[in-house]
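Take a look at the structure set out below.
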Amino acid sequence: MRRKILVKSNKHTVPKGKVVVLNFRLIDLESDNLCRYDFVDVYNGHGNGQRIGRFCGTIRPGALVSSGNKMMVQMIPDPNTAGNGFMAMFSATEPNERGDRPIVSERHELLIQFFSDLSLTAYGFIGHYKFRPKKSPTTTALPMTTTVTVIAGLKPTMAMCQQKCRWVGTLESNYCSSNFVFAGTVITTITWGGSLHGTVSLISIYKEGNLAIQQAGKNMSAKVIVICKQCPLLRRGQNYIIMGQVGENGRGKIMPNSFVMMLKMKNQKLLNAL
């Protein structure tokens with residue numbers, strides 16, 4: 001049972017006792033890190049079901065599987081036209097046919113994307129991938145095995161975290177040497193692997209650099225990692241001026257000598273002047 005989809009909204013039902021599997025053949029929508037403009041939403045069920053995922057840009061997601069026998073696909077475009085839309089196909093399968101089995105790429109490439117919201121409530125995921133001949137009749141893997149973990153950035157070391165927790169220089173000199181500068185309120189913190197992972201609700205952005213900014217309505221936030229969990233110390237609910245470098249994953253990287261201080265009106269005025 002297969003059917004092509006090239007519409008703005010569609011609902012799919014397969015026989016009871018089976019689940020829906022959706023495979024994107026083409027996706028060409030306006031690209032945005034947060035999918036705020038043109039995007040495709042995929043839901044469990046036909047009504048107010050749980051959203052399985054939101055997608056945009058030109059990178060095809062992997063197979064999406066519903067929890068029941070119903071799935072809804074909805075495309076939300078903005079007034080501007082960008083891209084050719086999307087094409088996908090759905091099929092019915094047994095509920096356990098797609099679980100405890102590896103995802104096999106059709107080519108020599110496989111993309112894994114991890115999307116998170118504004119909270120920090122879990123540790124992410126760990127995946128393994130293996131290489132095998134393309135036309136092999138079995139799934140036996142070659143000896144090479146690699147582990148992929150969604151943790152990026154520096155790991156704290158004893159020598160690093162024994163440094164004095166203080167910055168040197170002036171507000172102006174640290175402004176120039178930092179990748180990002182913002183004022184914000186710490187809204188979530190979690191200690192993980194010897195570092196502090198936090199989410200900061202942004203009050204003002206003075207220097208963005210490559211920092212990944214998340215937006216939910218009118219609220220903007222950024223994720224930061226204090227490499228040595230208590231140096232400098234960030235407390236939930238407190239307002240700070242924070243300067244630092246940006247890691248490869250777009251998170252703010254705060255070292256023991258990074259410029260961090262409580263937000264004061266006089267410093268805010270000085271930053272506005274800079």
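One-based numbering along the sequence shown.
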Open item on the list: Let's go through Ile190 and Leu196 carefully: what are the C-alpha distance in whole Å and the side-chain angles of both, what is the deciding distance for side-chain contact (heavy atoms from CB on, under 4.5 Å) to 0.1 Å, and is it a yes or a no?
Closed with: CA-CA 6 Å; Ile190 185 172; Leu196 181 76; over 6 Å; no
Open item on the list: Test of understanding: clusters of I, L, V, M, F, W, Y form through side-chain heavy atoms closer than 4.5 Å, transitively. Do Phe259 and Met265 belong to the same one?
Closed with: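 No, separate clusters.
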- [ ] Report whether Met220 and Leu234 are members of the same hydrophobic cluster (ILVMFWY, side-chain heavy atoms less than 4.5 Å apart, transitive linking).
- [x]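 Met220 and Leu234: one cluster.
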Open item on the list: Using the rule given for ring-ring contact (aromatic ring centres under 6.0 Å, His included), can you reason through Phe182 versus Tyr206, listing the C-alpha separation, both sets of side-chain angles and the distance that settles it, and then say yes or no?
Closed with: CA-CA 5 Å; Phe182 62 70; Tyr206 305 99; 9.1 Å; no
Heavy-atom donor-acceptor pair, [X] side chain to [Y] backbone, under 3.5 Å:
{"X": "Ser178", "Y": "Val181", "value": "no"}
{"X": "His12", "Y": "Val73", "value": "no"}
{"X": "Tyr175", "Y": "Met243", "value": "no"}
{"X": "Gln245", "Y": "Ser177", "value": "yes"}
{"X": "Asn23", "Y": "Met89", "value": "no"}
{"X": "Ser195", "Y": "Lys229", "value": "no"}

Open item on the list: If we check side chain to side chain contact (heavy atoms under 4.5 Å, CB included) with Val19, which of these qualifies: Ser67, Ser91, Pro95?
Closed with: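 Checked Ser67, Ser91, Pro95 against Val19; only one passes side chain to side chain contact (heavy atoms under 4.5 Å, CB included): Pro95.
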Can you name the closest pair of heavy atoms from [X] and [Y] and give their distance?
{"X": "Pro15", "Y": "Asn69", "answer": "O-CB, 3.7 Å"}
{"X": "Glu30", "Y": "Cys56", "answer": "O-CB, 3.6 Å"}
{"X": "Val65", "Y": "Met71", "answer": "C-CE, 4.3 Å"}
{"X": "Asn174", "Y": "Gly169", "answer": "ND2-C, 3.8 Å"}
{"X": "Pro232", "Y": "Pro256", "answer": "CD-CA, 4.4 Å"}
{"X": "Ile27", "Y": "Phe86", "answer": "CA-CB, 4.0 Å"}

With rounding to the nearest 0.5 Å, note down the distance linking [atom1] in [X] to [atom2] in [Y].
{"X": "Leu233", "Y": "Gln238", "atom1": "CG", "atom2": "CD", "answer": "9.5 Å"}
{"X": "Ile213", "Y": "Ser221", "atom1": "CD1", "atom2": "OG", "answer": "7.5 Å"}
{"X": "Ser201", "Y": "Asn219", "atom1": "OG", "atom2": "CG", "answer": "5.5 Å"}
{"X": "Leu211", "Y": "Ile205", "atom1": "CG", "atom2": "CD1", "answer": "7.5 Å"}
{"X": "Lys11", "Y": "Met72", "atom1": "NZ", "atom2": "CE", "answer": "6.5 Å"}

Open item on the list: Using the ring centroid of each side chain, check whether Phe55 and Phe39 are separated by less than 6.0 Å.
Closed with: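 No - the distance between ring centres of Phe55 and Phe39 does not fall below the 6.0 Å cut-off.
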TODO: Please report the C-alpha distance between Thr188 and His197 in whole Å, then the side-chain angles of each, then the deciding distance to 0.1 Å, and finally whether the side-chain contact (heavy atoms from CB on, under 4.5 Å) criterion is met.
DONE: CA-CA 8 Å; Thr188 66; His197 297 244; over 6 Å; no
Sub-4.5 Å side-chain heavy-atom contact between [X] and [Y]:
{"X": "Tyr240", "Y": "Thr185", "answer": "no"}
{"X": "Leu22", "Y": "Val42", "answer": "yes"}
{"X": "Val21", "Y": "Leu64", "answer": "no"}
{"X": "Ile76", "Y": "Asp38", "answer": "no"}
{"X": "Lys70", "Y": "Tyr43", "answer": "no"}
{"X": "Ile225", "Y": "Lys253", "answer": "no"}
{"X": "Val226", "Y": "Met255", "answer": "no"}
{"X": "Val260", "Y": "Ile254", "answer": "yes"}

TODO: May I have the step-by-step check of side-chain contact (heavy atoms from CB on, under 4.5 Å) for Leu270 and Glu172, ending in yes or no?
DONE: CA-CA 9 Å; Leu270 180 56; Glu172 294 92 331; 3.8 Å; yes
Open item on the list: Between Thr58 and Asp28, is there a side-chain donor-acceptor contact under 3.5 Å, judged purely by atom types and distance?
Closed with: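 Side-chain D/A pair, Asp28 to Thr58: absent.
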TODO: Verify the distance criterion only: is there a donor paired with an acceptor across the side chains of Asp41 and Gln74 at less than 3.5 Å?
DONE: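 Their side chains do not contain a donor-acceptor pair, so the 3.5 Å distance test is not met.
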Open item on the list: If you count heavy atoms of other groups shown closer than 6.0 angstrom to CZ of Arg51, is the number above 12?
Closed with: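 Counting neighbours around CZ of Arg51, more than 12 heavy atoms of other residues, nucleotides or ligands fall under 6.0 Å, so yes.
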Task: side-chain contact (heavy atoms from CB on, under 4.5 Å) assessment of Ile203 paired with Asn239 - done: CA-CA 9 Å; Ile203 299 173; Asn239 299 331; 4.2 Å; yes
Task: Steps toward disulfide (SG to SG under 2.5 Å) verdict (Cys161, Cys231) - done: CA-CA 7 Å; Cys161 295; Cys231 190; over 6 Å; no
Open item on the list: Strictly under 2.5 Å separating the two SG atoms? Check that for Cys228 and Cys165, please.
Closed with: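 No, because the SG atoms of Cys228 and Cys165 are not under 2.5 Å apart, which misses the disulfide cut-off.
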